[in-house]
Amino acid sequence: MPKEHAALIRRAIESAQAAGELPAFEIPEVRVQPPANPELADYASPVAMQLGKLARKAPAQVAEIIIRHLPEAPFVGEVSVAGPGFINFRLSEAWLKQQVEAIIAEGEGLFTLDIGQGKRAQVEFVSANPTGPLHIGRTRGAIVGDTIARLLEAAGYTVEREYYFNNAGRQMEMLGRTLQVRYLQMIGHDVAMPADGYAGEYLKEIAEELLQEVGEDWIGKGWQPFKEYAEKIIFGWIRNSLHRLGVYHDVFFNENSLYDDGSVWKALDDLRARGFVYEAAVWEGADEAERAAAEAQGTPAATWFRSSTLGDEKDRVVVKASGDPTYTLPDVAYHVNKFERGFDQMVNILGADHGTQYKTVQRGLTALGYDPAKLHVVIHQMVRIYKDGQLIKGSTRAGDVIPIDDVLDIVGSDPVRYFLLARSTNTDVDFDLDLAIARNNENPVFYIQNAHVRCAGIFRMADEQGFTDEGADLDLLGENEAAFLRQVLRMGEALTYAIDEMAPHQIAFYALETARLFHPLYDSVRVFHSEVPEDVARARLRFYHAAKVVFHRLLTLMGMSAPEVM
RNA sequence: GUGCCUGUAGCUCAGCGGAUAGAGCGCUUGCCUACGGAGCAAGAUGCCGGGGGUUCGAAUCCCUCCAGGCACGCCA
């Protein structure tokens with residue numbers, strides 16, 4: 001709606017200029033927003049205050065002139081000047097009530113925007129390597145990523161959800177070796193854990209499963225089959241956890257494929273061709289002390305990426321002296337692959353602990369001639385878990401993580417989703433397990449869902465009485481219903497803003513606000529009551545039909561269930 | 001030390017350069033003849049971390065200081 005109002009104001013200014021009532025000047029961007037206090041107006045524009053200087057008139061006077069030239073529009077009700085020069089708009093109440101039909105007609109596609117029409121978007125998220133069960137930090141990324149994907153779909157994009165993983169390398173070898181040790185220990189061998197092994201209990205569980213499956217046949221085997229076995233089980237866990245949260249991926253991209261098709265080494269060659277690669281024991285900008293230390297230790301030469309020329313504080317190793325690439329090189333190759341797939345919009349969800357490292361990848365892309373700004377990186381801050389008032393450190397290696405499944409067993413998917421969604425990605429989250437369990441009856445999530453339940457309840461009652469909302473006269477609706485419809489009409493703005501800013505928490509707050517408006521209304525605007533005439537009841541039933549559509553849409557956007565009964 | 005994030009009600013957090021800074025939880029007091037009460041109504045609570053600046057207008061933008069989180073590997 002603000003766009004429509006802004007267009008009207010713009011035309012009014014042009015018309016006033018043509019009539020000589022305002023001097024000629026270039027019209028600045030016309031801003032229109034709902035004011036903080038809804039009693040003042042439905043939408044307000046401060047444009048007259050900005051124009052005061054340009055027009056050399058008092059802002060209130062400019063506002064008057066603009067209003068006089070305002071073209072007619074069906075949605076415009078009362079227009080007035082207020083405060084220091086705001087132009088205040090009311091929506092036409094008659095027009096507003098008719099929006100009930102539009103909402104019902106749009107149904108699940110309610111407020112689908114056209115900004116992504118015909119465009120392809122990709123969201124990469126979770127991307128946890130299969131070294132342990134999904135924990136809450138990764139789950140935050142999963143919820144943020146999935147919700148952004150849903151928002152992009154609501155914006156009209158065709159969205160691909162991708163999970164990037166690495167099932168090779170040292171980490172996975174350690175996983176295999178740890179399982180091997182656990183397996184051998186289980187059948188009575190006295191073997192010690194590897195120094196960097198995975199201490200978590202879950203590998204004992206896997207060892208037990210393995211023992212039941214193969215007996216003692218694997219005693220003489222190397223670590224590789226153990227790694228494969230662990231990977232298979234753990235990936236199953238992760239997928240199952242995501243499934244429980246309503247999160248799905250279209251593509252699982254294996255880092256190995258980048259070695260198989262040569263793109264890792266091609267990325268290195270391309271960097272070299274552009275002059276960003278050299279071989280040395282220490283980086284070019286190293287001081288005397290570093291050089292001397294390297295020489296004394298006989299550090300062998302590695303392959304460096306000259307990232308310092310792109311704003312980095314130092315160069316980074318891309319191929320170790322051993323000949324193996326560091327994480328950077330395949331990661332750059334992966335992103336090149338993404339860019340080459342030609343998405344119109346790319347989003348990558350990362351935890352704060354990966355934020356700094358990602359900058360090296362961005363510099364790699366820049367070096368190769370890609371614009372990293374085309375990939376929108378959403379970095380969410382950390383999730384800290386408290387249990388019995390104690391902070392639980394989240395190290396997979398040390399084994400002190402809490403699998404998200406344990407939380408899901410207790411509180412279920414909807415509260416977990418809402419809790420992780422309903423705050424800005426920029427803030428740290430303290431997840432108090434005891435509180436989550438104890439307070440699950442007071443979670444706002446139920447408040448929102450209950451709005452949907454109440455709508456459904458009215459329709460159950462209507463069915464019993466054989467009463468329908470066909471042929472309702474919407475003019476019979478009252479002010480409360482109109483106020484609710486005003487809020488509903490802001491959903492498009494909420495979605496647009498959430499997508500522009502990649503701020504999915506906006507939708508959670510919008511949903512809560514909308515429910516907050518609904519419940520008092522439900523209390524006073526009754527359908528089935530001896531004092532409500534039949535034609536009014538019919539109009540109200542039609543209204544609740546629209547409200548049900550709204551809450552269903554909101555809950556679906558957040559990946560939450562829209563229950564018919566609580 | 002450097003980079004990123006944060007500091008708003010007792011707690012957890014919204015707040016997109018605009019009007020009297022908001023919500024949930026908790027607290028106080030009312031409301032069940034009630035379309036499922038996981039509800040409704042009323043009430044209390046704020047040097048928006050400190051200090052400068054930009055602007056007609058700053059919680060919001062810039063600078064600086066203080067406090068906290070994360071990251072700064074030839075780990076991934």
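Lettering of chains follows the sequences in order, A, B, ..., and the numbering in each one begins at 1. Being a predicted model, the structure only gives us computed values, none of them experimental.
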Taking the C1' atom of each, how far is B/A58 from B/C16, in whole Å?
-> 14 Å

Does A/K320 put a side-chain nitrogen or oxygen below 4.0 Å from OP1 or OP2 of B/A76?
-> yes

Is the charged tip of A/R526 near the ring of A/Y522: under 6.0 Å from the six-membered ring centre and within 45° of its axis?
-> no

A/P444 has its side chain closest, among B/C13, B/A38, B/G24, to B/G24

Kindly give the heavy-atom pair with the smallest separation between A/F125 and A/G141, and that separation in Å.
-> CD1-O, 3.9 Å

Could you measure between the two P atoms, the one in B/G46 and the one in B/G10, and give it in whole Å?
-> 7 Å

Which nucleotides of nucleotides 58-69 of chain B have their base under 4.0 Å from a protein heavy atom (B), which only their sugar-phosphate (S), and which neither (-), written as one string 5' to 3'?
-> -----------B

Among B/G18, B/A76, B/C35, which nucleotide sits nearest the side chain of A/Q171?
-> B/A76

Please give, in whole Å, the distance from B/C32 P to A/D523 CG?
-> 12 Å

What interatomic distance, in whole Å, is found between C1' of B/G26 and the corresponding atom of B/G18?
-> 33 Å

Short side-chain N/O contact from A/N166 to OP1 or OP2 of B/A76, under 4.0 Å | no

Side chain proximity check, A/E78 to A/F89, heavy atoms < 4.5 angstrom = no

Can you label the angle between the A/F551 ring and the A/F484 ring as parallel, tilted or perpendicular, going by 30° and 60°?
-> tilted

Do A/R486 and A/E479 meet the salt-bridge criterion of a basic N to acidic O distance under 4.0 Å?
-> no

Can you check whether A/Y278 and A/F305 have ring centres sitting under 6.0 Å from each other?
-> no

Range-with-range stems for RNA chain B, at least three Watson-Crick or G-U pairs under 3.5 Å = B:1-7 with B:66-72, B:10-13 with B:22-25, B:27-31 with B:39-43, B:49-53 with B:61-65

Calculate the interatomic distance between A/D312 atom CG and B/C4 atom C1'; express it in whole Å.
-> 14 Å

The side chain of A/Y544 lies closest to which of these nucleotides: B/C74, B/G17, B/C35?
-> B/C35

Between B/G15 and A/R423, is there an OP1 or OP2 to side-chain N/O distance shorter than 4.0 Å?
-> no

For A/A508, which contact category applies under a 4.0 Å heavy-atom criterion: base, sugar-phosphate, or nothing?
-> nothing

Measure from the side chain of A/R516, starting at C-beta and using heavy atoms only, and say which of B/C74, B/A41, B/G39 lies closest.
-> B/A41

Does the base of B/A76 carry an N or O that pairs as donor and acceptor with the side chain of A/Q357 under 3.5 Å?
-> yes

Would you say B/C35 has OP1 or OP2 under 4.0 Å from some side-chain N or O of A/R540?
-> no

Show your working on side-chain contact (heavy atoms from CB on, under 4.5 Å) between A/R384 and A/F431 and close with a plain yes or no.
-> CA-CA 6 Å; A/R384 282 185 297 267; A/F431 196 103; over 6 Å; no

Please examine the side chains of A/L268 and A/V332, heavy atoms only from C-beta on, and report whether any two atoms are closer than 4.5 Å.
-> no

Look at the rings of A/H519 and A/Y447 and say which category their plane angle falls in: under 30° parallel, 30 to 60° tilted, over 60° perpendicular.
-> tilted

With a non-hydrogen cut-off below 4.0 angstrom, is A/H505 in contact with a base, only sugar-phosphate, or nothing?
-> sugar-phosphate

Side-chain N or O of A/Y447 closer than 4.0 Å to phosphate OP1/OP2 of B/C40 = yes

Considering only heavy atoms and no angle criterion, is a donor-acceptor pair shorter than 3.5 Å present between the side chain of A/D324 and the base of B/A76?
-> no

Whole-Å distance separating the CG atom of A/D353 from the P atom of B/A71 = 6 Å

Nearest-angstrom distance, P atom, B/G1 to B/C11 = 29 Å

Below 4.0 Å: OP1/OP2 of B/A14 and any side-chain N or O of A/T427 = yes

Once the angle between the rings of A/H552 and A/H452 is folded into 0 to 90°, is it parallel (under 30°), tilted (30 to 60°) or perpendicular (over 60°)?
-> tilted

Given the side-chain rings of A/Y358 and A/H335, with only the six-membered ring counted for Trp, is the space between their centroids under 6.0 Å?
-> yes

Base, sugar-phosphate, or nothing for A/P300, non-hydrogen atoms under 4.0 angstrom?
-> base

Gap in Å between the two C1' atoms, one belonging to B/A41 and one to B/C32, rounded | 14 Å

Please measure how far the P atom in B/C70 lies from the corresponding atom in B/G52, and state the result in whole Å.
-> 32 Å

NZ or CZ of A/R538 within 45° of A/F467 ring axis and under 6.0 Å = yes

Would you kindly give the OH-to-P distance between A/Y418 and B/U12, to the nearest whole Å?
-> 17 Å

Closest to the A/F86 side chain: B/C35, B/A19, B/C72?
-> B/A19

Taking for each residue the nucleotide of RNA chain B with the nearest heavy atom, is it A/S424 or A/F459 whose nucleotide lies nearer the 5' end?
-> A/S424

Under a 4.5 Å cut-off applied to non-hydrogen side-chain atoms, are A/F446 and A/P415 in contact?
-> yes

Within the structure shown, what part of the strands sits under 4.0 Å from A/N88 by heavy-atom distance: base, sugar-phosphate, or nothing?
-> base

A/E255 side chain, from C-beta outward: closest of B/C35, B/A76, B/G39 = B/A76

Return the value, rounded to whole Å, for the distance between atom CZ of A/F305 and atom P of B/G73.
-> 16 Å

Which part of the nucleic acid does A/Y327 contact within heavy-atom distance under 4.0 Å: base, sugar-phosphate only, or nothing?
-> base

Between A/F253 and A/Y163, is the ring centre distance below 6.0 Å?
-> no

Are A/Y164 and A/Y334 near enough that their ring centres are under 6.0 Å apart?
-> yes

Where each residue is assigned the nucleotide of RNA chain B containing its nearest heavy atom, which of A/A301 and A/P46 is assigned the position nearer the 5′ end?
-> A/P46

Protein-nucleotides 27-30 of chain B N/O pairs closer than 3.5 Å?
none

CE of A/M172 versus C1' of B/C75: gap in Å, rounded?
-> 15 Å

Evaluate whether atom CZ of A/R460 has more than 12 neighbouring non-hydrogen atoms of other residues, nucleotides or ligands under 6.0 angstrom away.
-> yes

For the side chain of A/R526, starting at C-beta, report the closest nucleotide among B/C74, B/C40, B/C35.
-> B/C35

Name the closest nucleotide to the A/Q506 side chain, picking from B/G15, B/A19, B/A76.
-> B/G15

Consider the side chain of A/H354, meaning its heavy atoms from C-beta on, and name the nucleotide among B/A19, B/A23, B/A76 that approaches it most closely.
-> B/A76

Residue A/Y522, side-chain heavy atoms: nucleotide from B/A19, B/C35, B/G39 that is nearest | B/C35

How is A/A281 classified with respect to the nucleic acid when contacts are heavy atoms under 4.0 Å: base, sugar-phosphate, or nothing?
-> base

